[in-house]
Amino acid sequence: MGPGVKFLVIGLGSMGKRRIRNLHALGHTDVAGVDPRADRRSEAATRFGVAVFADFAQATEQFRPDALIIATPPDLHLGYAWQGVERGLPCFIEASVVDAEGLLRLHERVQGTALLMAPSCTMRFFPGPQRIRALLEEGVIGRPLTFSYHTGQYLPDWHPWEPISDYYVSQRATGGCREIVPFELTWLNALFGEPQPLACVATRVGTLDADIDDLYQCLLRYPGNLLASLTVEVLSRPCATRQLRIVGSEGQIVFDADEHCVRHITTGHADWQRFGLGHGSVATGYINPDEPYVEELKLFIAAVTQGDPRLFPNTLLDDHRVLQLLSQLEALSAAGAQ
């Protein structure tokens, strides 16, 4: 798939605009966007010089894309993915948080075909998780025994230009905190395997103007009797929180966003070894750099180009399992609240 391939970005909010930037960075300029909101269409057309449409059917008929980038609110992802299947178009799908069984049905529909449905797994492309994977594969801390991970960011800071009531993060099914739990589990499970959920408290402790749980505290047991605690919240201000500590039989690994590094120490060594993570290119109004998102799309494009879905590291079945885990955790929380 060369730079002349045509991409239709569905949804021109924050993530849709990021994906247009990503495609341009990769040399793909034949890009169009679709969004029912006139303000978003106008902004995308002005900022990126792309063709824009208000209606998906009209966009596919007139623009005739070769691939879809689905960047809508999560509850709309599968509907557009099925539209892609009907048209034989490969789809890149942003992180989903609803309809695990729908993901399974979509997986069963495309299984054994060359049509790629690529659910996002962006955290795998960030330098912190990549460095952690390398250190674990090197065995620098021996056998991992336990880890604790805390991640959070004040929900109104996600989109400072609009109130949370104006988009999906304020709805219970697609709430910001609920969305981040599978987002984080996707890369953690890729490192440590499929966990058994042991306990969970999903609750509201802050004062956000939304009927959502703003805190998830989860206890999980990974293969090899690795015990893990996971805290996800949408309360941390004025800066975001991301801190991971892995304790192993021969040392520790720490991933700390405040220090912007991954460091490790091994028994028999007095000092920590530190790896700076760099800051990357952060667009105005955004917090995370574009580079991991670019690398993710690069792999999607390579998988489509070579006709080999295995080149993309995440699958619909992987996402289905993560969403099943989310449901199990929430069931544990509900049982504990009775």
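These numbers were taken from a predicted model, which means no experiment stands behind them. In what follows, residues are counted from 1 in the order of the sequence shown. All values below were derived from every heavy atom in this structure, side-chain atoms included, with hydrogens, water molecules and symmetry-related copies excluded.
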Check whether more than 12 heavy atoms from other residues, nucleotides or ligands sit under 6.0 Å from atom [atom1] of [X], and answer yes or no.
X	atom1	result
E86	CD	yes
R87	CZ	yes
H269	NE2	no
R310	CZ	no

If you take all heavy atoms of [X] and [Y], which pair is closest and at what distance?
X	Y	result
G276	C261	CA-CB, 4.3 Å
A202	S333	N-OG, 2.8 Å
Y222	G193	CE2-O, 3.1 Å
S96	H77	OG-ND1, 2.8 Å
V52	A44	CG1-CB, 4.2 Å
T186	C121	CG2-CB, 3.8 Å

Give a yes or no answer on whether the side chain of [X] reaches the backbone of [Y] with a donor-acceptor pair at less than 3.5 Å.
X	Y	result
T46	E43	no
T146	L227	yes
S236	E233	no
S249	R143	yes
D55	A57	yes
D30	V5	no
D214	V234	no
T315	D318	yes
T231	Q217	no

Sub-4.5 Å side-chain heavy-atom contact between [X] and [Y]:
X	Y	value
H28	F7	yes
P119	F92	no
L326	R321	no
L297	F125	no
P289	F126	yes
P129	R124	no
L155	I212	yes
I141	L136	yes

Distance alone, cut at 3.5 Å: any donor-acceptor contact between the side chains of [X] and [Y]?
X	Y	result
E291	S281	yes
N225	R221	yes
E250	T267	yes

Are [X] and [Y] in a cation-pi contact, defined as NZ or CZ under 6.0 Å from the six-membered ring centre and within 45° of the axis?
X	Y	answer
R21	Y286	yes
R263	W272	yes
K6	F63	yes

Decide whether [X] and [Y] are clustered together by the hydrophobic rule: side chain heavy atoms of Ile, Leu, Val, Met, Phe, Trp, Tyr closer than 4.5 Å, transitively.
X	Y	value
I10	V50	no
V247	L191	no
V201	L219	no
L135	L226	yes
V262	V254	no

Exercise for the section: Start with the C-alpha distance between T151 and T241, add both sets of side-chain angles, then the distance that settles side-chain contact (heavy atoms from CB on, under 4.5 Å), and finish with yes or no. Expected result: CA-CA 5 Å; T151 182; T241 298; over 6 Å; no
Exercise for the section: Using side-chain hydrogen bond (donor to acceptor under 3.5 Å, both in side chains) as the criterion, list what pairs up with Y80, not counting sequence neighbours. Expected result: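 Per chain and number, Y80 pairs via side-chain hydrogen bond (donor to acceptor under 3.5 Å, both in side chains) with no residue.
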Problem - Partner set under side-chain hydrogen bond (donor to acceptor under 3.5 Å, both in side chains) for D319, not counting sequence neighbours - result: N314
Decide, yes or no, whether a salt bridge links [X] with [Y] under the criterion of side-chain N to carboxylate O below 4.0 Å.
X	Y	value
R133	E137	yes
K298	E295	yes
R19	E296	yes
R242	D258	no

Exercise for the section: Kindly say whether the aromatic ring centers of H107 and H320 come within a distance under 6.0 Å. Expected result: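 They do not qualify: ring centres at least 6.0 Å apart.
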Practice task
For residues F147 and F192, establish whether the separation of their ring centroids is below 6.0 Å.
Solution key: yes
Problem - Verdict with supporting geometry, Y216 and I180, side-chain contact (heavy atoms from CB on, under 4.5 Å) - result: CA-CA 10 Å; Y216 280 66; I180 295 301; over 6 Å; no
Problem - Sequence-distant partners of E330, salt bridge (charged side-chain N to carboxylate O under 4.0 Å, His left out), two or more places apart - result: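 Result, salt bridge (charged side-chain N to carboxylate O under 4.0 Å, His left out) vs E330: R178.
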Problem - Which residues share a side chain to side chain contact (heavy atoms under 4.5 Å, CB included) with I287, sequence neighbours left out - result: Q153
Practice task
Any chance you could lay out the side chain to side chain donor-acceptor pair (under 3.5 Å) test for S42 and D39, step after step, and finish with the verdict?
Solution key: CA-CA 5 Å; S42 176; D39 58 333; over 6 Å; no
Exercise for the section: Would you mind listing the cluster partners of W161? Hydrophobic ones only (ILVMFWY), side-chain contacts under 4.5 Å, chaining allowed. Expected result: none
Problem - Summary of side chain to side chain donor-acceptor pair (under 3.5 Å) pairs that have at least one residue in residues 191-207, sequence neighbours excluded - result: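 Every pair satisfying side chain to side chain donor-acceptor pair (under 3.5 Å) with a residue in residues 191-207: there are none.
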